[in-house]
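Structure first, then comments.
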Amino acid sequence: MDNRAEVREFLISRRAQVAPEQVGLPTGSNRRVKGLRRSEVATLAGLSVEYYTRLERGAISGASPQVLESLARALNLDDAERAHLFDLAHAASPVARPPRRRNSTSYVPHQSLQWALDAVTAGPAFVRNGRMDLLAVNPLARAFYKDCYDMPGQSPNIARFTFLDQRAHQFYPVWDAFAEVTVSILRTEAGRDPHNKELHDLIGELSTRSEEFRTRWGAHNVRHHGTGFKTFNHPVVGEMTLAFEGLEMAAEPGLTLTIYAAEPGSPSAERLQLLASWAASEYGQGAHPASEKTRTDS
């Protein structure tokens with residue numbers, strides 16, 4: 001799949017976000033474009049206007065790391081945007097190998113991974129891919145994302161739940177913020193792996209069925225999403241504010257292990273304990289269905 005359109009739209013969107021005064025250029029009164037002109041970006045990056053124009057038209061294959069770094073500085077890209085630019089350039093290379101990505105139908109977790117997830121008893125712990133499929137969970141995560149598992153005819157997917165299930169607006173008290181994060185994760189993955197058919201199928205489905213998704217997707221925003229705090233309104237135990245840590249899995253490129261935790265002694269910690277008790281009574285030994293197909297290496 002050709003990613004020139006993706007490159008073009010990303011660079012145009014970033015150029016539009018840089019005000020001339022941010023980079024020491026006069027604002028003027030006769031500017032016909034939002035943000036910087038192509039010629040200004042080229043000058044700031046130390047490139048010819050002709051070369052930058054080719055880059056912005058999507059011909060990024062073969063651009064050197066030095067050129068990409070100069071372009072990132074000229075456009076004031078943050079760390080996530082810079083990484084996305086390099087991902088786009090790598091994906092455009094004719095010799096680039098498509099990254100190995102795990103989907104919800106083919107992935108079978110190692111038995112040791114399920115043991116590790118189950119050992120986390122104080123908070124939800126789960127493994128997801130860049131498409132935001134829930135691939136492996138501990139009992140608390142199964143209970144935490146109960147509504148994701150209740151979507152008829154669908155494997156559990158956080159992005160689909162966020163945009164296509166009305167219950168998400170209750171689960172996420174600040175739904176707009178969660179929606180932005182969800183789209184940025186999918187956009188980042190699309191830059192890394194433009195040949196992933198399952199990812200593109202999901203993006204197409206969400207774009208067709210959700211105007212909220214379609215609008216946010218067109219903004220081309222990306223971000224790093226590894227640590228922080230989130231507030232949820234769980235349908236069983238109520239509101240919880242949880243810290244989270246996302247860890248890239250060295251043995252499984254493209255997968256992320258995420259753990260949620262509450263401040264010890266807080267009301268949120270008490271509600272997580274209530275959720276654990278509810279999960280034990282509701283699911284019993286079936287709290288993590290993925291465990292039934294866990295593989296053991298020979």
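A side chain to side chain donor-acceptor pair (under 3.5 Å) check over residues 268-281, counting only residues at least two apart or in different chains, returns nothing. A side chain to side chain donor-acceptor pair (under 3.5 Å) check over residues 44-56, counting only residues at least two apart or in different chains, returns the pairs R15-E56, R38-E56, Y52-E56. For residues 16-25, the side chain to side chain donor-acceptor pair (under 3.5 Å) pairs, not counting sequence neighbours, are E21-T27.
Checked by atom type, the side-chain pair N221/R14 shows a donor-acceptor distance below 3.5 Å. Between the side chains of D118 and N138, not a single donor N or O lies within less than 3.5 Å of an accepting N or O. Counting only N and O atoms by type, the side chains of T258 and E245 include no donor and acceptor under 3.5 Å apart.
Applying the side chain to side chain contact (heavy atoms under 4.5 Å, CB included) rule to V33 yields the partners R37; only residues at least two apart in sequence or on another chain are considered. Partners of T231 under the side-chain hydrogen bond (donor to acceptor under 3.5 Å, both in side chains) rule, at least two apart in sequence or in another chain, are T241. Among residues two or more places apart in sequence or in another chain, the side-chain hydrogen bond (donor to acceptor under 3.5 Å, both in side chains) test is passed with D201 by K197.
With W175 contributing its side chain and F163 its backbone, the two residues share no donor-acceptor pair below 3.5 Å. Within the 3.5 Å criterion, the main-chain N or O of V236 finds a donor-acceptor partner in the side chain of H234. A side-chain donor-acceptor contact under 3.5 Å links N157 to the backbone of R160. Distance alone, capped at 3.5 Å, places no donor-acceptor pair between the R73 side chain and the A45 backbone.
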